[in-house]
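Order of listing sets the numbers, starting from 1, for every ligand and every atom in it. Heavy-atom basis, side chains included; hydrogens, waters and symmetry copies ignored. The shown structure was predicted, so the numbers you read here are calculated from the model rather than taken from an experiment.
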Amino acid sequence: MVESNGVRTGRSWKRPVIGMTGITGIVFALSGLAAAQERADIIIRNGLIVTAEGRMEADVRIRGETIAEIGRDLAPSAGEREIDARGMLLLPGAVDTHTHLNPEMPDPPRPQGNQDDYVSGSAAAFAGGATTISNFISVQPDEDVSAYAARVIGGIEKSAMADFFIHVTVGNDPARFTREMLDELASRGFVSTGEDFLARESFDLNALAWLRVFKASGPAGVLSMLHAEDYSIMAEAQERLMAEGRGSIHNFGQSAPVVAEVVAVQRAVAIAEATGSPIYILHMSSGRAQRVAEEAMARGLPVYVETRPMYLHLTQEVYQRPDAGLYLGGPPLREKWDQDILWEGIAKGTIHTIGTDHTGYSKEAKLDPKQTIADKRMGFSNLQEYLPMLFSEGVLKERITLEQFVAVTSTNAAKLFGMYPRKGTIEVGSDADIVIWDPTMKKTIRDEDQFSNVHYSTYAGWEVTGFPRTTIRRGEVVYDNGQVIAQPGSGKFIPGAPFQRPHLRPTSNRE
Ligand SMILES: [Zn+2]
């Protein structure tokens with residue numbers, strides 16, 4: 001529920017105290033202050049700007065919502081706010097390609113449901129360095145595109161603080177996704193469809209109709225995002241394990257074997273080849289399937305790959321632990337060998353994006369002992385830490401360069417979803433989404449520091465170096481030194497331009 005002054009109230013939100021301090025403080029900016037802040041220029045001095053293309057020491061002038069000037073020793077302007085970023089990196093705000101937040105929290109919230117909405121989710125995003133987040137939302141059976149746009153954008157814009165874009169969840173009815181419908185979606189900025197296509201029985205039952213949808217999607221400028229796991233292989237494995245009395249979630253890995261992903265990625269590649277339409281593979285987990293996608297890319301097919309942070313940091317061993325439930329999400333975690341191939345993919349530019357798949361299930365719900373491989377809660381609480389984790393484990397351990405970090409977390413996503421160069425870079429004319437990143441800040445991840453409503457992190461206990469000091473979204477400081485300072489309702493829908501094959505710079509040259 002949102003009051004007229006835009007300050008969110010409700011069971012899970014204390015009325016914010018302006019000036020509150022403490023690491024998990026959320027301070028809602030007063031509208032007057034926000035407006036004043038928009039008028040004055042901000043100059044960020046002495047930082048090292050990093051884009052997917054390279055790095056440069058320069059000052060950045062922000063005017064209103066956009067970047068007005070980049071250069072050395074910029075002249076001061078009247079009333080400007082100066083931020084000294086000596087020793088800091090200036091990174092383009094990250095774009096999370098795969099976020100699950102509740103557009104409207106049911107009142108009271110359902111204990112087993114997704115507890116994160118666009119206030120808590122945006123706060124977690126800002127604290128971690130993401131300024132644009134996404135969601136997957138279905139078109140209702142009786143809904144036309146106008147009604148869908150009004151419901152989805154209108155609903156989320158009431159509470160969002162981060163900017164957002166939307167993937168259209170397609171459900172079970174391919175007949176609805178005619179070329180006309182796809183054109184209409186694209187014209188309103190909905191340029192991607194998703195989620196669990198190949199992992200669903202209804203896909204196989206309608207394979208021809210879906211192939212026609214994919215064929216029409218490319219020319220309509222819509223990117224088809226596929227969950228690439230084969231339904232039949234997983235269903236058989238699951239049935240067998242359940243029948244053998246081995247339905248425990250400790251056997252989650254066996255219930256969704258690597259071969260189910262391999263064959264689904266082969267099929268996804270075949271769809272791209274047969275239709276010429278671009279295909280985006282959601283949450284790639286295995287080295288074998290990644291090799292299939294890389295072979296397709298080498299042949300020039302429009303195949304794009306997202307991975308999930310978890311696969312880069314954890315292996316299937318965690319499923320033997322008592323807290324295995326925390327790490328459930330399909331496809332399952334794999335082996336160290338797979339992990340190495342995914343890191344390599346980021347370095348080579350064959351893994352294009354990172355999507356958190358953040359879903360705000362409570363820790364109790366994730367650890368619910370009644371779960372089985374047939375009935376489980378999938379998703380992670382990791383929106384706040386995924387960038388620090390990737391930086392600490394990737395950049396600082398020299399698995400990837402800073403430029404590769406920016407490409408995989410921001411630039412490529414902005415290009416694939418039609419938001420570049422508005423998002424995804426630090427350039428004159430781009431939205432001023434800038435993260436002032438302290439590459440030496442060291443912290444242990446703790447549940448109590450989480451802005452997410454579920455107050456736990458998938459990475460609790462990890463020692464991590466490199467965090468945002470300040471996050472700026474469209475010219476407004478929205479996070480600073482542990483505090484989120486933003487107005488619910490200040491986040492905007494960012495319409496995507498119809499999909500065009502982007503130039504994704506290969507990033508194999510290590511600096
Ligand atoms: Zn998902």
Visitor: Please find the N/O/S atom of D357 nearest to the Zn ion (ligand 1) and write down its name.
Guide: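 Relative to the Zn ion (ligand 1), the closest nitrogen, oxygen or sulfur of D357 carries the name OD1.
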Visitor: Once side chain to side chain contact (heavy atoms under 4.5 Å, CB included) is applied, do any residues pair with V318, and if so which ones, sequence neighbours excluded?
Guide: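 With sequence neighbours excluded, V318 shows a side chain to side chain contact (heavy atoms under 4.5 Å, CB included) to L314, R321, Y327, L333, given in chain and number order.
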Visitor: So, is the end of the K366 side chain (NZ or CZ) under 6.0 Å from the ring centre of F380 and within 45° of the ring's axis?
Guide: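 Judged by the rule, K366 and F380 form a cation-pi pair.
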Visitor: Would you mind naming the N, O or S atom of H100 nearest to the Zn ion (ligand 1)?
Guide: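 H100's closest N, O or S atom to the Zn ion (ligand 1) is named NE2.
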Visitor: Would you sort out whether Y304 and N412 count as a side chain to side chain donor-acceptor pair (under 3.5 Å), showing the intermediate values?
Guide: CA-CA 10 Å; Y304 304 96; N412 292 344; over 6 Å; no
Visitor: State whether H98 contributes an N/O/S atom found under 2.8 Å from the Zn ion (ligand 1).
Guide: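 Yes.
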Visitor: Which pairs, with at least one residue in residues 257-283 and sequence neighbours excluded, count as a salt bridge (charged side-chain N to carboxylate O under 4.0 Å, His left out)?
Guide: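 Residue pairs passing salt bridge (charged side-chain N to carboxylate O under 4.0 Å, His left out), neighbours aside: D204-R267, E261-R334, E273-R299.
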